[in-house]
Amino acid sequence: VRDLARALLQQIDGAPSPRTRAEREHHIIKRFALGNADGVSMFDLCDELHVSYSTLRGIVSHLNERFVSFKVSFVVEHDVLYFSGSERDKRSLISSALFEETGSGVMDASVLKDSFPEAAVESVSGILDEGLRAHHYSINEFARVVFLLHLLVTVSRIRNGQSITDGSSLEATGDPQEALMADVCDRLEDAFSIQINPRERAGIYLLFKSFTGTEMESSTEAACRIVDEKILELAYSITSRINELYLIDLRDDSFLVPFALHLSTLLFRQRAGAHISNPLSFTFKYDCPIIYDVAVSISIMLREQLSLQINDDEITFIALHVGAEVERQKTTADKVSCVILCPSYHGMAEALRNRIQANFSTQLTIVQVVSYEHQIGRLKFDLLITSMPVHTVGAFETVQVTPYAKDLNYAAINSAITRIVQRRHNQVLHDNFGRFFRSELFFSPAPEARDEFELIALLADRLMREGCVREGFRENVLARERA
């Protein structure tokens, strides 16, 4: 782990100095997350951040306020800053910081124009967006830019005679997402006068399928037909290790499938001696440092397992996949997870999925569409929407619908969503009640006091002893009362 940490710390070299408070706070978190020292000199941090000692104390104070719910603290003793808390709580904080990074705005498609012809970027972007609209699909912006970059690289590689031929193609399944990607590939062929072979088309389809977050049941099985099974096993092994190091879980088909496809492509490029420049390498490294560090960790593991030399461009490609999965998890965290149970006969399941997606996209995340009741047993979700009676009982709401009915029982679905959300809110209150209400903070009978100022002093002293407030709280409250 220390060797890994040292390698990660080397990535900090040459980075621009943090300028905003958020950047400085992330820098401090990185120093503890990636280093092995128990404490960091406050004076060294002042030099690194180019701030005064008093400003740094203010940053530390804000860190403690910001992350109080994580049960960790940043403590200054004898001009040394210490990071206090259990290892699991520390990693939870690091994971939270990683999720915040995807909101930095770095994933803007306009950045791609720095490395690809503007006309090509606009053409590929237009083809993708038109296809999405025509087939009634959508993906989050982070995933869109990653997918757009993949398409641009694919077009560029094919135009240079570097098509991937390893692996087999996929048999047509009638999946609407397959039709969408076939449409996109056809348009790309026409726009750039290229031929996208079946292997390339299969990779594009599976990558898009993973980003939509629906009907993922067969994606890993399908990926095995075009990617070496050992690559998939290695991908799972690496994500398990990342979960231990960073407490961020990437062990989902939505990450594993595109990551395994990327590894397969990376190996192809290495064998062919081909190099692909990544236009986001410089900005991503500094705008999303913790996500980039996760990618560096992955690259070190790949180097050890596959004897690969992975440069900054390739590391950033990995970071983009990590960032897309983090963004997917972040955008779905507040939604109600849903499984649809419906036979796939004559496209009925897909038609039902599309209707539910169109009417509840802001409230539901469709985890999977399944055809048989036994398939729901291994899934974790909040709401089951089914076209048939079910006998499975679990910790989820069930709504039965008629696929071709006019209103699709929308009222029942809305009611189920409302109940699920209310239970979540109640659970949050239950889990956190002890943080705000403890017997030690109540007086019965009420303490005797000469006046309100003595009573305030008694209450403030108790809060101080319980660690609820900082030094100076009592004086500040009394000063306010006397004003």
Side-chain angles (χ1 to χ4, degrees), residues 1-2 4-6 8-13 15-104 244-248 286-294 296-297 326 431-432 434-436 438 460 463-477:
V1 174
R2 290 191 176 186
L4 177 61
R6 276 194 290 271
L8 293 174
L9 284 169
Q10 290 174 2
Q11 300 299 320
I12 300 176
D13 297 340
S17 176
R19 295 182 179 181
T20 67
R21 184 176 68 182
E23 289 174 351
R24 289 164 180 160
E25 289 176 356
H26 272 293
H27 180 88
I28 292 172
I29 292 171
K30 278 189 65 177
R31 290 287 260 113
F32 285 105
L34 308 178
N36 52 23
D38 294 328
V40 179
S41 166
M42 289 285 284
F43 298 110
D44 288 347
L45 282 174
C46 287
D47 290 341
E48 294 169 12
L49 299 174
H50 303 293
V51 297
S52 66
Y53 193 94
S54 60
T55 298
L56 181 57
R57 288 296 296 250
I59 294 171
V60 172
S61 177
H62 186 263
L63 275 172
N64 282 318
E65 294 176 359
R66 179 180 169 192
F67 294 115
V68 64
S69 63
F70 287 86
K71 301 178 184 177
V72 299
S73 60
F74 295 86
V75 182
V76 179
E77 293 181 2
H78 306 296
D79 298 321
V80 176
L81 180 62
Y82 296 96
F83 188 22
S84 176
S86 70
E87 180 62 23
R88 183 169 185 85
D89 289 337
K90 290 178 181 178
R91 293 189 183 187
S92 292
L93 183 150
I94 295 166
S95 177
S96 174
L98 183 152
F99 272 79
E100 288 182 5
E101 282 184 354
T102 60
S104 65
E244 295 175 6
L245 290 172
Y246 293 90
L247 215 66
I248 177 70
Y286 303 127
D287 289 343
C288 298
I290 298 181
I291 290 177
Y292 190 83
D293 289 332
V294 172
V296 173
S297 298
V326 167
D431 294 342
N432 292 278
R435 288 180 52 211
F436 301 100
R438 303 202 304 268
L463 288 170
M464 186 71 182
R465 287 197 301 273
E466 294 297 326
C468 298
V469 296
R470 295 195 184 93
E471 187 177 348
F473 175 79
R474 180 178 65 175
E475 289 72 18
N476 290 334
V477 174

Any donor-acceptor N/O pair, Asn64 side chain to Ser73 backbone, under 3.5 Å: no
Partners meeting side-chain hydrogen bond (donor to acceptor under 3.5 Å, both in side chains) with Arg470 (sequence neighbours left out): Glu65
Nearest heavy atoms of Val80 and Met42, plus distance in Å: N-CG, 4.1 Å
Minimum heavy-atom distance Leu56-Cys46, with the two atoms named: CD2-SG, 3.7 Å
Heavy-atom check, side chain of Val40 versus side chain of Ile28, under 4.5 Å: no
Contact check, side chains of Met464 and Arg474, non-hydrogen atoms, under 4.5 Å: no
Side-chain heavy-atom pair Glu48, Leu45 within 4.5 angstrom cut-off: yes
Residues in ring-ring contact (aromatic ring centres under 6.0 Å, His included) contact with Phe43, at least two apart in sequence or another chain: Tyr53
Beyond-backbone contact of Tyr82 with Phe74, side-chain heavy atoms, under 4.5 angstrom: no
Nearest non-hydrogen partners of Leu463 and Phe473, listed with the distance: CD1-CE2, 3.9 Å
Gap between atom CG of Leu49 and atom CD1 of Ile59 - 0.5 Å precision: 6.0 Å
Straight-line distance of Arg21 CZ to Arg66 CZ, nearest 0.5 Å: 8.5 Å
Straight-line distance of Asp44 CG to Leu81 CG, nearest 0.5 Å: 11.5 Å
Any residue meeting side chain to side chain contact (heavy atoms under 4.5 Å, CB included) with Glu475, in chain and number order, not counting sequence neighbours: none
